[in-house]
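Predicted model, so just to flag it, every value in this text is computed and none were measured. Lettering follows sequence order; numbering is per chain, from 1.
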Amino acid sequence: MSILDSLNESQKKAVIHTDGPLLILAGAGSGKTRVITHRIARLIGDGVVPPTGIFAVTFTNKATEEMKNRIVRLIGPQGSSVFIKTFHAASVYILRRYGEAIGIPSSFSIYDTSDQASLIKEILLQMRLDPKKIRPESIASKISEVKDRAELIDGADPTLLLQKNFSYDFHEIYEEYHRRLAANNALDFNDLLIKTVHLLRSGTGALERLQRQWTYFMIDEYQDTNYAQYLIAKHLASAGKNICVVGDDDQSIYSWRGADIRNILNFEKDYPGAAVVTLDTNYRSTRPILDAASSVIRNNVNRKAKEIRSHKGDGERVVWCRANNEYGEAEFVVNTIISLKHREGLSGRDFAVFYRTNAQSRVFEDRLRKENIPYRVVGGMKFYERKEIKDLLAYLKFIANPLDQVSMLRIINTPARGVGRVALERIRETARGAGVSEWTAISEGLIGGKIPRGIAEFRDIILKCRDSARGMPETRLSDFVEQVIEESRYVKSLEEEESVEARSRIENIGEFVNSVYDYQQANPDATLDGFLQDISLYTTEENPEDDPDSRGNQVTLMTVHNAKGLEFPVVFLTGMEEDIFPHKLSSDTEEGIEEERRLCYVGITRAMERIYITCAELRRTFNEIYHKEPSRFIFEIPGSLIEATEYISAGYQSAQPRRGFFEKKVYNESHFDVEPDDSIDDDNTPEASNQTEGPGESKFRVRDSVLHPKYGVGRILSIEGSGDNLKITILFGRSSKTFLEKYTPLEKA
DNA sequence: CTCACGCTCTTTTTT
DNA sequence: AGAGCGTGAG
């Protein structure tokens, strides 16, 4: 059986196991995804179950994509009929089919965090509370926190679950929030899971039908499931008990989102007779990387003790660098990338820069841009969160779901059509008076007196579009979307702005239309409801604007959370300072610190060949400069595994004398072999920062892009010598060449 | 009603 | 330092 050939003994055991519950404890880099995909392939290949009988959930869209691809690669096109989704997407699938039974129409809207916030803001205003004093976002997160709790899902009163020392009536807001969600025919992220649990428990026959559909269940990242997810899996698998869960308690990093590590720790109790397979051979990282990671995670008290074996063996030591400030940190990282590209022939895709918080990405982006190195930022401001995309989606959502008031309020005056505060108040009044929805007041023309023309305009746009939406599978989704853009005059009004910003918004809308085409391609009989619900969960998805052709050259930037499940030859774990990593807000409790430590463990174990751990001595936050201490986690790595260095850049300097960290171990020679002079020593003093190159004999400077008549565009790595002997070394692609300047006609590129 | 300026708050992590 | 929001003038 060829499918088993490439597996080790424990991997084989996990793949072959067929009936009954199975727990796979999969250490970092132990071939977890490989086991899951091979297991699925085996079940299908041996005719145990048809592809459509398998239900697999992962945690992110990215992981879902990856798993789909790998299964299709293993068993061909039939692999695409395996049901593989995130928990949230699976819930949407289930609710769309059977939700009517518990009063959820299939046209429900999904409210993301910002929709939630605007709804709560409305409520606060109605309750005469000041949204400036009480942040809607923080209420939203409190509500979400409550809804993650097991007690609530099992029927407890929400108010009892929160210490209620609030200046406001949390219970009242909570109730009103849910009344409004129901009135708007909308569900938030928590609801998707909770309502699915209710549906499965409802005795309406949905569970039985789903159990006829799926008989084998696979749950990835089980250590990060919350109670609702745990229940969904449990109910679905309750008939045949063919449930296989995979996880690693050391990589649980989502407790703040309600993930309960006990789900994995108690699996054997939950499912008596469960088989357990431990995967403890790491195929990803070199031994020093693994040793460093183990010596950090070992400090957690609350964990299953375990050791991971390195399959790969020796490699480079961990490089630790404390830069003078965040600019120095970024320079160090980017110079190291340039150097390794040159020295080892690596390309951009081999590098990843991790940070604890999204806000840290900027300095790295600036530096990379300065050096003309292509990069992509995963996460952060996502495509679907941009204003213009949210506006357009609000049109689509409101057309699909006339009860969705949050969307209506967003677009009624976007683009501006003269419907302001006063007009809105009138609409509200009328609606309240007549006891109808605001939209009904508008569409039925109930508003008396002179009404702003904009209101009628808005009504006509919506009615017209709703009309063509009805002809949907025949009217193509993409045509419909273009019609909405046309009717709403959204792009037209941006064009009139004639600003750079407006131009880029228009481009984004163009990208959105492209993505609609792609969606249509993949789903020939796409409906509006289905499209919207799928897209609402597409948050981690890469920005469609990323040029797929240049992907191979791009350095990846992301938070450590986003890095879970990925691997890179070279990893930079940055901002390793107290109060950042571990984060200040997690540092009060031992559990908080342990979770940060697991996060750190996740970060280190992403690296295959090399890891650089960096921090800054000074860092500017909120326009204020703070002195930073290195993260406690770095002290947990034995010095013998570390090669320490320093990096000093121009920009602001420490006012105090530098306090040597790892003083005795600081190696002064740099590990850059591409002209270290240029990158380090030159910038050593502020005066050097204007870059008038030493003797100033060349009209070029290091790092300039230049055009060579024969080799094309390259970058200057170094300039040395003087007079007739002035030599310039230029990097073209992966190789560099040295020229005597006086014989080489170079131009600035 | 719209635009411009100035004030405030920001930074955990994400489905 | 920057974005987003609210206030006040046109």
Please report the distance, rounded to the nearest Å, between CD1 in A/I625 and C1' in C/dA1. 12 Å
Correct closest heavy-atom pair for A/L193 and A/I232 would be O-CD1, 3.8 Å
Atom-to-atom span, CZ of A/R386 to P of C/dA3 - whole angstrom: 13 Å
Counting just side-chain N and O atoms, does A/T559 come under 4.0 Å of either OP1 or OP2 of B/dT14? yes
A/Y93 ring center near A/F83 ring center (under 6.0 Å): yes
With respect to the phosphate group of B/dT14, does any side-chain polar atom (N or O) of A/N562 fall under 4.0 Å of OP1 or OP2? yes
N/O contacts under 3.5 Å, protein versus nucleotides 1-6 of chain B?
| unit_1 | atom_1 | unit_2 | atom_2 | d |
| --- | --- | --- | --- | --- |
| B/dC1 | OP1 | A/G420 | N | 2.2 |
| B/dT2 | OP1 | A/G418 | N | 3.4 |

Residues A/V296 and A/F633: closest non-hydrogen pair is CG2-O, 3.9 Å
Of A/K132 and A/H561, the one whose nearest nucleotide on DNA chain B sits closer to the 5' end is A/K132
A/W256 has a side chain; which of B/dT12, B/dT11, B/dT13 sits nearest to it? B/dT13
Whole angstrom is fine here: how far is it from CZ in A/R135 over to C1' in C/dA3? 14 Å
Which part of the nucleic acid, if any, lies within contact of A/K85, taking any heavy atom under 4.0 Å across all strands shown: a base, the sugar-phosphate backbone alone, or nothing? nothing
Report yes or no: is the cationic atom of A/K85 (NZ for Lys, CZ for Arg) closer than 6.0 Å to the six-membered ring centre of A/F87, at no more than 45° off its axis? no
A/F87 near the nucleic acid: base, sugar-phosphate alone, or nothing, with a heavy-atom cut-off under 4.0 Å? nothing
Under the 6.0 Å and 45° cation-pi test, does A/R597 pair with A/Y601? no
Please determine, for the side chain of A/T113, which listed nucleotide (C/dG6, B/dT15, B/dT13) has the closest atom? B/dT15
Output yes when at least one side-chain N/O atom of A/N226 is less than 4.0 Å from OP1 or OP2 of B/dT15, else no. no
Starting from C1' on B/dT13, measure out to OH on A/Y355 and report it in whole angstrom. 12 Å
Whole-Å C1' distance, B/dT13 and C/dG4: 22 Å
Of the nucleotides C/dG6, B/dT12, B/dT15, which one has an atom closest to the side chain of A/H88? B/dT15
Please determine which of A/N190, A/D191, A/N226 meets the side chain to side chain donor-acceptor pair (under 3.5 Å) test together with A/K147. A/D191
Quick one: which of B/dT15, B/dT11, B/dT12 gets closest to the side chain of A/T621? B/dT11
Please check if the distance between the ring centroids of A/F572 and A/F354 is under 6.0 Å. no
In whole Å, what is the span from the CD atom of A/E591 to the P atom of B/dT13? 21 Å
When rounded to whole Å, the CD1 to C1' distance for the pair A/I253 and B/dT15 reads 13 Å
Can you check the A/D130 CG to B/dC9 P distance for me, whole Å? 11 Å
When we call it a touch if two heavy atoms are under 4.0 Å apart, what does A/R619 touch: a base, just sugar-phosphate, or nothing? nothing
Within the pair A/K62 and B/dT15, is there a side-chain N or O less than 4.0 Å away from OP1 or OP2? no
